[in-house]
Number of protein chains: 2
Amino acid sequence: MEFVGSASTQSCITQKRGRRVYGDDRDFKSKNLTAERRRREKLSNRLLTLRSLVPIITNMNKATIVEDAITYIEKLQMTVKVLSDQLLEMESSSEESERPRNDEINAAEEMKKHGIEEKVEVTNVDGCKLWIRIISKKKRSRITKFLEAMASHGFELSDTNVTTFKGATLISSCLNGVYSYKIEAEQVKELLQEIIKSI
Amino acid sequence: MEFVGSASTQSCITQKRGRRVYGDDRDFKSKNLTAERRRREKLSNRLLTLRSLVPIITNMNKATIVEDAITYIEKLQMTVKVLSDQLLEMESSSEESERPRNDEINAAEEMKKHGIEEKVEVTNVDGCKLWIRIISKKKRSRITKFLEAMASHGFELSDTNVTTFKGATLISSCLNGVYSYKIEAEQVKELLQEIIKSI
DNA sequence: ACTGACACGTGAACC
DNA sequence: TGGTTCACGTGTCAG
């Protein structure tokens with residue numbers, strides 16, 4: 001686009017503070033003319049790319065482009081906040097059972113007081129059947145986690161009996177092997193100890 | 001701020017395309033001078049608020065303000081994408097256990113074949129002690145969910161016995177009331193049926 | 001005819 | 001001192 005007829009491009013007669021005074025029709029070109037042109041173009045391009053990022057555009061004006069960008073950024077920030085809050089809540093709710101609780105600490109003391117010791121017993125009943133007996137500290141959702149862990153290891157429990165007493169939990173159950181090979185009692189005992197320790 | 005010394009504010013001698021020609025020193029004020037001033041001020045204010053929204057500011061320039069806003073919006077968009085993906089993944093992973101599985105469908109058929117019916121029995125043992133007996137379809141993590149639900153309702157179970165047989169799960173347990181008032185057997189039975197139905 | 005938006009060239013100011 | 005940014009007033013054009 002060509003710009004013609006601007007008074008600024010014309011020659012000047014008087015100038016309050018400048019040094020250059022022209023009385024003729026000679027065109028004066030400012031030193032930073034092209035630089036200023038570049039600067040304007042840069043800003044315009046940036047505004048264009050900004051507009052391309054914002055999905056909701058009410059107007060094509062420079063001011064409205066920036067305004068829409070502002071509301072969009074605010075919306076994005078709120079979305080990020082809501083999402084991270086939800087994520088944090090889900091994570092904390094899935095981790096809250098791992099937090100030690102007061103009654104769990106009391107459970108350990110009470111067990112000690114009554115002379116109950118943590119114990120894992122595994123007895124072979126027949127070739128692929130074991131009777132297990134576990135005494136451990138009472139702990140929130142320990143039973144559920146234990147059952148889940150056993151299931152994930154491919155064990156099937158039957159006749160499971162759970163009793164909680166004086167801060168201790170007694171689990172006795174019958175373990176049916178699902179593997180074809182013979183179950184080793186000692187091996188299972190170590191695995192049970194590991195499971196109990198980990199949950 | 002006062003503006004002095006601009007060549008544009010001075011009187012003009014010639015004009016290529018305009019109609020107004022001044023030869024004297026009379027100051028000419030364009031009609032849209034204040035309007036243009038307002039427009040410029042509006043854009044500047046918008047850019048200022050935009051800058052206040054963007055946390056990382058490399059420069060105070062107009063162009064850099066917009067540039068930083070662009071990168072910030074891109075970052076926010078990516079963050080939203082990552083967060084929503086994570087949330088979606090967590091939700092789908094927490095919902096996958098609710099999907100019916102083949103062995104659960106088989107469980108229902110096997111129960112029917114063997115004439116086992118789902119049942120909830122609640123018997124009063126003494127004032128605040130109930131004996132419960134539940135027969136239901138075998139279902140993945142039903143037991144764990146049941147125990148969790150009971151705990152969340154404030155019930156304490158003892159001497160819990162779980163047996164799984166022919167696609168059915170038998171849970172028998174002793175329920176100790178933690179509330180001061182007397183536990184109504186019928187009330188507990190309805191609650192248990194609700195719990196079993198919901199999990 | 002009038003209002004709003006824009007690009008333009010320019011001087012001042014700031015490293 | 002150069003290079004760069006900014007605000008300014010103005011002409012032009014579209015709705």
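Note: hydrogens, waters and symmetry copies are ignored here, and every other heavy atom, side chains too, is used. Residue numbering restarts at 1 for every chain, and letters A, B, ... go by the order of the sequence lines. Being a predicted model, the structure only gives us computed values, none of them experimental.
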### Query
Are A:Glu109 and A:Lys112 close enough for a salt bridge, meaning some N to O gap below 4.0 Å?
no
## Note on the structure
Between B:Arg40 and A:Asn32, the residue closer to the 5' end of DNA chain D by nearest nucleotide is A:Asn32
### Message
OP1 or OP2 of C:dG9 versus the side-chain N and O atoms of A:Arg37: is any pair under 4.0 Å?
### Response
yes
### Task
In whole angstrom, give the distance that lies between atom CD of A:Glu36 and atom P of D:dT4.
12 Å
### Message
In whole Å, I'd like the distance from the CD atom of A:Glu41 to the C1' atom of C:dA7.
### Response
12 Å
### Summary
Note: B:Glu74 and A:Leu53 closest approach over all heavy atoms is CG-CD1, 3.8 Å
### Task
Would you indicate, yes or no, if D:dT5 has its OP1 or OP2 atom less than 4.0 angstrom from a side-chain nitrogen or oxygen of A:Lys42?
yes
### Message
Whole angstroms only, please: what is the CG-C1' distance between A:Leu43 and C:dC6?
### Response
12 Å
### Query
Do B:Ile65 and B:Val54 have side chains that get closer than 4.5 Å, going by heavy atoms?
no
### Task
List the atom of A:Ile135, the atom of A:Ile116, and the distance in Å for their closest heavy-atom pair.
CG2-CG2, 3.8 Å
### Query
In this structure, which one of A:Lys42, A:Arg37, A:Arg38 forms a side-chain contact (heavy atoms from CB on, under 4.5 Å) with A:Arg40?
A:Arg37
### Task
Look at the side chain of B:Glu67 and the backbone N and O of A:Arg46, then say whether any donor-acceptor pair between them is shorter than 3.5 Å.
no
### Message
Can you tell me if A:Arg39 touches the phosphate of D:dC6, counting only side-chain N or O atoms and a distance under 4.0 Å to OP1 or OP2?
### Response
yes
## Note on the structure
Expected list for residues 46-72 of chain B near DNA chain C, using heavy atoms below 4.0 Å, is none
### Message
Expressed as a whole number of angstroms, how long is the span from B:Arg38:CZ to C:dA5:P?
### Response
10 Å
